[in-house]
Amino acid sequence: MQVGTVDFLMSTNKQYIGRFAPSPSGPLHFGSLVAALGSYLQARAERGTWLVRMEDLDPPREMPGAADDILRTLEAYGLEWDGGIMYQSQRHEAYQAQIEAWLDDQQAYYCQCTRKQIKLAGGFYPGSCRDLRLGAAGNAIRLKVDTPVLAFNDLLHGHISIPAPLAAEDFIIRRRDGLFAYNLAVVLDDIEQGITEVVRGADLIEPTGRQIGLYRLLGQPEVRYLHLPLAVTENGNKLSKQNHAPAIDKTNPRPALIAAMGFLGMQPPVDLVSSSVRDILLWGTAHWQVANLPATTAITLAHSAPSSG
Ligand code: GLU
């Protein structure tokens with residue numbers, strides 16, 4: 001073993017495991033680059049491990065080829081991950097086994113309510129099917145929420161409260177079309193991968209209470225959360241495939257990388273853009289500080305933002 005490798009291993013922080021978990025609904029855009037870069041820099045600055053998990057949980061919303069395209073884009077941007085990639089499409093057995101255990105314990109139940117019925121009942125699911133003992137056919141599966149999580153601490157935003165009706169709602173863990181719910185998959189996978197800290201976009205603040213509730217129910221150690229500001233368009237929408245956010249340029253990564261650092265409150269020197277991608281990321285790792293992040297959940301991008309590639 002080379003001396004350099006020993007140094008590296010000794011300086012690795014085995015207590016920190018972070019991740020980037022894209023959904024392959026389209027190519028990476030500036031908003032997803034911010035989430036990838038923020039989670040990468042936080043993990044690297046902590047000398048921790050950074051994993052990538054492909055959240056291919058919802059085939060109708062996926063774009064053929066997007067998963068590979070995302071991985072090639074991360075490579076072009078120098079965002080090298082540790083270990084293999086976990087694919088949610090290969091985790092169905094684990095999700096189903098957990099759901100069956102909860103059904104057996106009556107911690108979960110089948111529900112026949114439609115969206116329309118819930119809307120009419122005031123917008124939050126009132127637990128109508130809890131004790132009906134319905135069968136599987138055509139029904140969703142909900143988890144009984146007996147102890148709502150009403151607040152959590154975010155490393156950037158501090159104390160975040162969750163409105164009681166939302167926190168107390170029995171939520172869906174498997175949809176009526178048979179697809180597994182995001183909250184279930186993300187927590188079972190984060191546990192399986194030993195994740196210690198979740199760094200992701202602020203659009204996921206809302207489901208965080210449910211996710212913490214799952215850790216508690218499963219008796220697993222909870223993770224820390226850092227929700228990065230979200231890049232939004234001038235009309236307040238999150239950058240997404242639905243609102244035609246352009247793909248970031250794989251052939252010219254440096255300007256978008258520098259712009260993403262600026263978005264995350266860093267002040268890269270002007271000549272950094274002419275350095276290699278590797279050196280840009282080394283600069284970022286050395287200068288990364290959570291305290292420099294804008295303490296906001298959304299930042300509006302001007303038309304001229306480099307997301308146009
Ligand atoms: N797959 C989710 C998304 O792309 C992110 C999940 C997470 O980071 O917890 O929005």
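In this chain, residues are counted from 1 in sequence order. Quantities reported herein were computed from a predicted structural model and do not represent experimental measurements. Just so you know, ligand 1 is whichever comes first in the structure, and atom 1 is the first atom listed for that ligand.
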Candidate with minimal heavy-atom separation from atom 6 (C) of ligand 1, of Arg200, Glu55, Arg53:
Glu55

Ranked by distance from atom 10 (O) of ligand 1, the top protein heavy atom is Leu204 CD1, 4.1 Å

Could you list the atoms of ligand 1 found under 4.0 angstrom from a heavy atom of Val186?
9 (O)

Who are the side-chain contact (heavy atoms from CB on, under 4.5 Å) partners of Arg216, not counting sequence neighbours?
Val149, Ile212, Glu222

Touching ligand 1 at all, Tyr182? Heavy atoms, strictly under 4.0 Å?
yes

Once salt bridge (Lys or Arg N to Asp or Glu O under 4.0 Å) is applied, do any residues pair with Arg44, and if so which ones, sequence neighbours excluded?
Asp82

Residue, atom and distance of the protein heavy atom nearest atom 8 (O) of ligand 1 read Arg19 NH1, 2.7 Å

Salt-bridge test for Lys250 and Asp69: reply yes if a basic N is under 4.0 Å from a carboxylate O, no otherwise.
yes

Check Arg224 with Asp154, please: is the shortest side-chain N to carboxylate O separation under 4.0 Å?
no

Going by the order shown, which atoms of ligand 1 are within less than 4.0 Å of some heavy atom of Ser23?
1 (N), 2 (C), 3 (C), 4 (O)

Would you check if Tyr77 and Arg254 make a side-chain contact, meaning some heavy-atom pair closer than 4.5 Å?
no

CG-CD1 distance between Leu184 and Ile172, expressed to the nearest 0.5 angstrom
12.0 Å

Among all protein non-hydrogen atoms, which one is nearest to atom 5 (C) of ligand 1, and what is the separation to 0.1 Å?
Ala21 O, 3.3 Å

Hey, does Gln211 sit under 4.0 Å from ligand 1 if you only count heavy atoms?
no

